[in-house]
2 protein chains.
Amino acid sequence: MAGVGGQTQSSSKTGGMSRIQEKNRNLILDAALGEFSKKGFSGATVERIAAEAGMSKSNLLYYFSSKEAIYNATLAHILEVWLAPLKTLDPAGDPARELAGYICQKIEMSANFPEASRLFANEVMQGAPQILPILETDLKRLVQEKCGVIEDWIDAGKLRRVDPLHLIFTIWATTQHYADFSVQIRALTGRDLSDAAFLQQTEEAVTSLILNGVGLAWPPEETEQE
Amino acid sequence: MAGVGGQTQSSSKTGGMSRIQEKNRNLILDAALGEFSKKGFSGATVERIAAEAGMSKSNLLYYFSSKEAIYNATLAHILEVWLAPLKTLDPAGDPARELAGYICQKIEMSANFPEASRLFANEVMQGAPQILPILETDLKRLVQEKCGVIEDWIDAGKLRRVDPLHLIFTIWATTQHYADFSVQIRALTGRDLSDAAFLQQTEEAVTSLILNGVGLAWPPEETEQE
DNA sequence: GAGGGATTTGACCAAATGGTCAAGATACAA
DNA sequence: TTGTATCTTGACCATTTGGTCAAATCCCTC
């Protein structure tokens, strides 16, 4: 119903779990991520997740008490890593490098974990029934903190005056778009982020667009060795 | 299974339909848009759509032969209007005004038809099972044409050299993000595009970020009357 | 206002699916 | 080896849900 951490164990804590238990929980979570991200919560079936995890439906339900429990566990499992990059924005760092680094991290997340991106997108588009409380507390706090950082950079004259919130939204939107809409992108370009050359081209294009958008020189001036 | 135009009638052609027929088809399509955009294809139920449209499930199935037929009709119904703004990009116009106009159109689409945006996003995220052929033909042709326009602007030195494709993706991503992720945005800001002030603020933020990103002055220099 | 096609619906059906349960298989400690 | 807790599964159940059908009912024309 509400709150993502409501299963047996908080998340990937190995303690208090037998070898078999840990192995099977991981198999299930991997399978569930694939299924939920591909079909959404409603479209996913417990049977398919079990098959993908190589066990019977009954056995899966021995580890997770319900479909919703699997879903919540999957969500919790990816949420932390999915929101992590923002935390690395360093107030003391060079704004251009910090923002560029953040953008590239996000694009590489889209390249390496597109299912996580789609799962998250799906959840939010359905009204975030499970993670709304987290968005309203943890994420909100984090975003406000980082908005402060950007604000400080602006006040220090390091970048053009822009609304930090919309800057963050723009970075999220553009970077996640390449994962969530990869089918459309493939239909239009014949490639996606799994193509190394396309990945690099995307990183350059998005980074340069946004950094220039906030008035930062990009690519950085030639500084030889620094 | 494939191709969106496969129902009884091509789309909103009034011809050959009784008054009752037209009224009910519209009721159904409206209800279906709400339901499909909220729950996705799998999560939606024919019964709820019928209820929302004020008729029995049986009667709904008298007008559309299957759930998939309703879905396809809904998709076809919105697709045209959804992709329309891009067509207005005028090669002869001023690049800054043209791009700003396009961006604002898209944001206003997100504000006025968020369900359409979410329906489209859902369809594409599921792998575009119904509209992939359209993306690969009509949309691809349109996008290539407009990329050419932007390319010409670049060659004429009117804007910085950027990859037109990624520029278009960025515009799509940012503008649609405000509709598709409105729950998250509301969780973080307390507002969304249905708030006129927030809408305007968003238009300014996104437009200024992207236009500056491609090296165009924005807002435009004071030209008094032109 | 009668005839006939268009419209509407409740009853019903079959398949899919989440979840239960009791019995069997397995691993492991003593 | 053996007893016990853990693990695994097939059989089964209740509910949901997409779709059918025949019987009304409505609307319009002649």
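Order of the sequence lines sets the chain letters (A, B, ...), proteins ahead of strands, with each chain counted from 1.
Close to C/dT7, at under 4.0 Å from its OP1 or OP2, lies a side-chain N or O of B/Q21. Phosphate proximity of D/dT9 to A/S56: present, with a side-chain N or O under 4.0 Å from OP1 or OP2. Side-chain nitrogen and oxygen atoms of B/Y62 include at least one within less than 4.0 Å of the OP1 or OP2 phosphate oxygen of C/dT7. B/N59 has no side-chain polar atom (N or O) that falls below the 4.0 Å cut-off from OP1 or OP2 of C/dG10.
Note that OG1 of B/T74 is 7.0 Å distant from CZ of B/F64, once rounded to the nearest 0.5 Å. Note that CD1 of B/I134 is 9.5 Å distant from CG of B/L139, once rounded to the nearest 0.5 Å. The distance from atom CD of B/Q184 to atom NZ of A/K140, rounded to the nearest 0.5 Å, is 12.5 Å.
In the set D/dC7, C/dT7, D/dC28, D/dC28 carries the atom at the smallest distance from any side-chain atom of B/R19. With distances taken from any side-chain atom of B/Y63 to the nucleotides D/dT9, D/dG19, C/dT7, the minimum falls on C/dT7. Checked against D/dT9, C/dT8, C/dG19, the side chain of A/L61 finds its nearest nucleotide in C/dG19.
For B/S58 against C/dG10, a side-chain N or O and a base N or O form a donor-acceptor pair under 3.5 Å. You won't find any donor-acceptor pair under 3.5 Å spanning the side chain of A/K67 and the base of C/dG19, going by distance alone.
For the segment residues 31-49 of chain A, residues with any heavy atom less than 4.0 angstrom from an atom of DNA chain C are, sorted by number, A/A44, A/T45, A/V46.
In this structure the side chain of B/F120 reaches within 4.5 angstrom of the side chain of B/I131, judged on heavy atoms.
B/E98 places a side-chain N or O within 3.5 Å of a backbone atom of B/D90 that can act as its donor or acceptor partner. With hydrogens and angles ignored, the 3.5 Å screen pairs a side-chain donor or acceptor of A/R118 with a backbone N or O of A/A179.
We find that CD1 of A/I28 is positioned 9 Å from P of D/dT8, with the value rounded to whole Å.
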